[in-house]
Amino acid sequence: MTLQDYLDSDKLDELMEKWAKATGMIAVALDDEGNFISNKLGFSRNNIEAFSEDIEVDDVIVASVIGGPLDEDTDEDMVTAAAELLVASIQGLLESSYRKKMYEELQASFTNAIEDSATLIKELTSKSQGLKKIENKQNILALNASIEAARAGEAGRGFTVVAHEFGKMAHESGVINDSIQKTLRQLDSSMQEIANM
């Protein structure tokens, strides 16, 4: 992410203009490549450069501030104090802007993850309903097989065992499917709570 991705240049210009009026000095902010990122306010490197300070965000130099007094007789301690105040103010502005941008990106990523999860939950719920239909068909087939085995009498005895096992499998898959549906409902409810935060 570059400085221009999160810099609020209007706030930076406003800050520097107020500082210039309050101190009787002039300064500009430059990005890490030396390009002006603030209003020049009549600044010229040839005639004013009493201080030059780097500005860091997350321990990376992202900008610098150079400037000085319009009056050559200005006390050096006053220039140093004013420069430190300006640099601290710009540092705070850039860090808060950077944190805000990072938070917005994190929030967007989080929102996308919630939306993707909600889509997957709906897809799994739909597939689970398909399993319920298969369970119903298995139960009907097991019932029909039991009826046919009973009609066949002694000759259908082996088929009765198969029909019973088939019905048992249908019941077990139904229990598992019900558990999956319950978990999906809980997950969907949790996702809704997170999305509403």
Side-chain angles (χ1 to χ4, degrees), residues 1-19 27-40 53-65 85-145 165-197:
M1 181 181 329
T2 66
L3 178 65
Q4 286 73 13
D5 291 335
Y6 60 88
L7 173 67
D8 186 337
S9 57
D10 291 337
K11 283 186 180 178
L12 177 62
D13 287 342
E14 181 183 347
L15 171 69
M16 294 190 75
E17 285 174 24
K18 287 180 179 180
W19 176 85
V28 292
L30 308 169
D31 66 14
D32 60 343
E33 295 178 358
N35 301 312
F36 287 96
I37 56 172
S38 67
N39 229 332
K40 293 182 185 177
E53 298 287 332
D54 290 334
I55 296 179
E56 297 180 358
V57 173
D58 283 347
D59 298 324
V60 175
I61 296 174
V62 296
S64 61
V65 177
L85 179 63
L86 178 62
V87 169
S89 298
I90 293 173
Q91 178 95 29
L93 173 67
L94 293 181
E95 284 182 3
S96 67
S97 297
Y98 177 75
R99 301 279 177 252
K100 179 182 176 192
K101 181 70 172 178
M102 294 301 290
Y103 174 76
E104 288 170 352
E105 288 178 1
L106 183 61
Q107 186 177 14
S109 176
F110 185 66
T111 300
N112 288 340
I114 289 173
E115 290 171 357
D116 291 346
S117 296
T119 300
L120 290 173
I121 290 169
K122 286 179 184 175
E123 184 178 322
L124 289 173
T125 300
S126 175
K127 289 179 179 180
S128 178
Q129 290 169 350
L131 288 175
K132 188 70 174 167
K133 289 177 184 176
I134 291 171
E135 175 199 350
N136 291 338
K137 287 180 184 178
Q138 287 175 328
N139 281 327
I140 291 170
L141 288 173
L143 180 62
N144 286 341
E165 287 301 316
F166 203 77
K168 208 163 110 177
M169 282 178 20
H171 174 73
E172 288 171 1
S173 67
V175 169
I176 292 170
N177 190 42
D178 288 344
S179 174
I180 290 170
Q181 287 181 349
K182 180 181 176 186
T183 301
L184 286 172
R185 283 191 298 273
Q186 290 171 337
L187 185 57
D188 187 47
S189 176
S190 296
M191 294 302 290
Q192 292 298 327
E193 286 178 25
I194 291 170
N196 292 329
M197 288 182 163

Peer 1: Are Lys101 and Asp8 ion-paired here, with the side-chain N under 4.0 Å from a carboxylate O?
Peer 2: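 Salt bridge absent between Lys101 and Asp8.
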Peer 1: Apply side-chain contact (heavy atoms from CB on, under 4.5 Å) to Glu165 and list each qualifying residue two or more places apart in sequence or on a separate chain.
Peer 2: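 Scan of Glu165 (side-chain contact (heavy atoms from CB on, under 4.5 Å), adjacent residues dropped) gives Lys168.
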Peer 1: Could you state the interatomic distance from CG (Leu143) to CD1 (Ile140), rounded to the nearest 0.5 Å?
Peer 2: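 Separation between the atoms: 8.0 Å.
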Peer 1: Taking only residues two or more places apart in sequence or in another chain, which ones pass side-chain contact (heavy atoms from CB on, under 4.5 Å) with Ser64?
Peer 2: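 Scan of Ser64 (side-chain contact (heavy atoms from CB on, under 4.5 Å), adjacent residues dropped) gives Leu30, Asp54.
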Peer 1: Just verifying a value: how many Å separate Leu106 CG and Met102 CE, rounded to the nearest 0.5 Å?
Peer 2: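 Reported value, rounded in 0.5 Å steps: 8.0 Å.
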Peer 1: With rounding to the nearest 0.5 Å, note down the distance linking OH in Tyr98 to CG in Asp5.
Peer 2: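 One gets 10.5 Å once the value is rounded to the nearest 0.5 Å.
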Peer 1: For a quick test of reading the model, state the closest non-hydrogen atom pair linking Ala29 to Ser38 and the distance between them.
Peer 2: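 Minimum heavy-atom separation between Ala29 and Ser38: N-OG, 2.8 Å.
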Peer 1: Could you grab the distance from atom CD of Gln4 to atom OG of Ser9, nearest 0.5 Å is fine?
Peer 2: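 These two atoms lie 9.5 Å from each other.
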Peer 1: Would you say that Leu3 contacts Val62 through its side chain, given a criterion of any heavy-atom pair below 4.5 Å between the two side chains?
Peer 2: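 A side-chain contact exists here, since the closest heavy-atom pair is under 4.5 Å.
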Peer 1: Pair up each side-chain donor or acceptor in residues 109-127 with any protein partner under 3.5 Å, not counting sequence neighbours, and list the distances.
Peer 2:
{"residue": "Thr111", "atom": "OG1", "partner": "Gln107", "partner atom": "O", "Å": "2.9"}
{"residue": "Asn112", "atom": "ND2", "partner": "Ala108", "partner atom": "O", "Å": "3.4"}
{"residue": "Ser117", "atom": "OG", "partner": "Ala113", "partner atom": "O", "Å": "2.9"}
{"residue": "Thr119", "atom": "OG1", "partner": "Glu115", "partner atom": "O", "Å": "3.0"}
{"residue": "Glu123", "atom": "OE2", "partner": "Lys127", "partner atom": "NZ", "Å": "3.3"}
{"residue": "Thr125", "atom": "OG1", "partner": "Ile121", "partner atom": "O", "Å": "2.8"}

Peer 1: Identify whether the distance between the nearest side-chain nitrogen and carboxylate oxygen of Lys132 and Glu135 falls below 4.0 Å.
Peer 2: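 Yes, this pair counts.
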Peer 1: Any chance you could lay out the side chain to side chain contact (heavy atoms under 4.5 Å, CB included) test for Met16 and Leu12, step after step, and finish with the verdict?
Peer 2: CA-CA 6 Å; Met16 294 190 75; Leu12 177 62; 4.0 Å; yes
Peer 1: Tell me every residue that passes side-chain contact (heavy atoms from CB on, under 4.5 Å) with Val87, counting only those two or more places apart in sequence or in another chain.
Peer 2: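 Val87 satisfies side-chain contact (heavy atoms from CB on, under 4.5 Å) with Glu53, Ile55, Val65 once adjacent residues are dropped.
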Peer 1: When rounded to the nearest 0.5 angstrom, what distance separates CD in Gln129 from CG in Leu184?
Peer 2: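 If I round to the nearest 0.5 Å, the distance is 10.0 Å.
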Peer 1: Which salt bridge (Lys or Arg N to Asp or Glu O under 4.0 Å) pairs, counting each pair once, include a residue from residues 179-189, with sequence neighbours left out?
Peer 2: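 Those involving residues 179-189 do not exist here.
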Peer 1: If you measure from OH on Tyr6 to CD on Glu95, what distance do you get to the nearest 0.5 Å?
Peer 2: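 Rounded to the nearest 0.5 Å, the OH-CD separation comes to 9.0 Å.
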Peer 1: If only atom types and distance count, is the side chain of Asp31 paired as donor or acceptor with the main-chain N or O of Glu33 below 3.5 Å?
Peer 2: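 Present.
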Peer 1: Tell me which donor-acceptor pairs under 3.5 Å the side chains of residues 171-178 have, and how far apart each pair is, sequence neighbours excluded?
Peer 2:
{"residue": "Ser173", "atom": "OG", "partner": "Gln138", "partner atom": "OE1", "Å": "3.4"}
{"residue": "Ser173", "atom": "OG", "partner": "Met169", "partner atom": "O", "Å": "3.2"}
{"residue": "Ser173", "atom": "OG", "partner": "Ala170", "partner atom": "O", "Å": "3.0"}
{"residue": "Asn177", "atom": "OD1", "partner": "Ser128", "partner atom": "OG", "Å": "2.6"}
{"residue": "Asn177", "atom": "ND2", "partner": "Ser128", "partner atom": "O", "Å": "3.1"}

